Structures are given as C-alpha cells and as structure tokens.
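Here the structure comes first, spelled out in structure tokens, and everything after it is commentary.
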Amino acid sequence: MTEPWGQRRFQVAGPDGLLVEVLQAVIDPWFMTTFFGALVSIGVAAVLHLGPDRRVALAWLTLAFVLYLAVVVITIAVHVPLNDAVKAAGDVDRIDVTQVRARFGEARWLAWNHVRTCAAIAAFAILATVPAVT
C-alpha cells in the first residue's frame, strides 16, 4: 500500500498526527511569497489596465482581485487562528494529537475552506479567460 500524498514528508503516524503536523508546518516563506504575491500580481495587472480602451479586462481583473482578496481574508480571519491554536499545542511527539484534533474546530475550518477554494477557483478561471475577452 502506498502512503497518501505528502505523508512521506512527515514522521507522525496516523491521520490525527498528520493533520497536526501539516497545520504546524504550513506557513513558511515560500507559502507567504506565493500566497500574497498572487494578490499583488492581480492588483498590478488591474492597475496596468486602467486605460479607457482596456475597461473590459479591468472589470474582469477587478472581480478576480476581489475574489482572491476574499481568499486572503478568509485565510487570515478563519484558518490562521485555528492553525495557530494547533501550533500552540506543542511538539507533535509530546502532545495527544487526538485531543488537539478534537479541539481544532475542523467543521468550521472545512466549511470556510470550501468557500475559500471556490473563490480561488473562480479567480483563477477569470484570470485564465481574461486574455480571450480582451
């Protein structure tokens, strides 16, 4: 049987330990650069389309920016605090990962993750089609 994707990087056995370890490791410089860099890039693209002959693209880029901004806000307002609570629980080898996961608020995290995912997919779809409509 093969390991689930990503589990090879982590040393904790079982889904509870894996969840805790992934949530503790998720925020790093590469993540921050790509996560906020995407928002900045969309904003720059919108600013570059401020001319009167580029209004169609500007409207789509603005919508994509708002959708991706929603992704950022949801992440900061919902996911980061929940992830930080897991991180504050301590070293995975020294905590009861089942209890940490039980207190995690997984239903709330998951519900908002669905909203965040839909917003990100919609923003991506818009950005992928902007060249075709301009």
Side-chain angles (χ1 to χ4, degrees):
M1 180 186 225
T2 61
E3 295 173 321
W5 176 85
Q7 193 165 355
R8 287 179 291 269
R9 177 176 175 207
F10 301 101
Q11 302 304 313
V12 178
D16 291 337
L18 181 61
L19 172 75
V20 170
E21 199 160 342
V22 166
L23 291 174
Q24 289 179 341
V26 73
I27 304 238
D28 65 12
W30 286 108
F31 170 80
M32 298 299 277
T33 300
T34 57
F35 186 67
F36 289 108
L39 184 65
V40 171
S41 296
I42 298 168
V44 168
V47 167
L48 292 174
H49 286 81
L50 287 175
D53 58 333
R54 298 177 173 188
R55 293 289 184 204
V56 173
L58 178 61
W60 287 110
L61 290 168
T62 302
L63 181 57
F65 181 84
V66 169
L67 286 166
Y68 196 77
L69 181 61
V71 170
V72 171
V73 169
I74 290 168
T75 301
I76 292 170
V78 178
H79 293 106
V80 170
L82 291 172
N83 294 356
D84 284 350
V86 171
K87 190 180 278 189
D91 191 310
V92 187
D93 296 327
R94 297 186 189 126
I95 62 173
D96 182 347
V97 292
T98 304
Q99 279 186 346
V100 171
R101 184 171 183 177
R103 290 190 313 259
F104 171 59
E106 190 168 354
R108 181 174 185 235
W109 192 96
L110 191 58
W112 280 105
N113 192 56
H114 291 323
V115 174
R116 179 174 67 166
T117 300
C118 290
I121 290 170
F124 176 78
I126 290 168
L127 294 170
T129 58
V130 164
V133 298
T134 57

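Predicted model, so just to flag it, every value in this text is computed and none were measured.
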For H49, all residues meeting side-chain hydrogen bond (donor to acceptor under 3.5 Å, both in side chains), sequence neighbours excluded |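 H49: no side-chain hydrogen bond (donor to acceptor under 3.5 Å, both in side chains) contacts found.
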
Which residues satisfy the side-chain hydrogen bond (donor to acceptor under 3.5 Å, both in side chains) test with D96, sequence neighbours excluded?
->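 Listed in chain order: nothing, the list is empty.
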
Using the side chain to side chain contact (heavy atoms under 4.5 Å, CB included) criterion, which residues pair with [X]? Sequence neighbours excluded.
| X | value |
| --- | --- |
| V47 | L50 |
| V72 | F35, F36, L39, Y68, I76 |
| I126 | W60, L63, A64, L67, V130 |

Output the distance between atom CG (L110) and atom NE2 (H79), rounded to the nearest 0.5 Å.
->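 L110 atom CG to H79 atom NE2 measures 8.0 Å (nearest 0.5 Å).
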
What's the spacing between L69 CG and I74 CD1 if we round to 0.5 Å?
->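 Answer for the CG-CD1 pair, L69 versus I74, is 10.0 Å.
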
So among V78, D84, N83, L82, which one has a side chain to side chain contact (heavy atoms under 4.5 Å, CB included) with V80?
->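 For V80, the side chain to side chain contact (heavy atoms under 4.5 Å, CB included) check succeeds only for D84.
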
hydrophobic_cluster_shared for F124 and V73, side chain cutoff 4.5 Å |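 Result: no, two separate clusters.
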
List the atom of A77, the atom of P81, and the distance in Å for their closest heavy-atom pair.
->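 That would be O-CG, 3.5 Å.
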
Which pair of non-hydrogen atoms, one from L61 and one from I42, has the smallest distance, and what is that distance?
->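 The answer is O-CG2, 3.8 Å.
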
Other ILVMFWY residues reachable from L48 by side-chain steps of under 4.5 Å =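 Besides L48, the hydrophobic cluster comprises V40, V44, listed by chain and residue number.
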
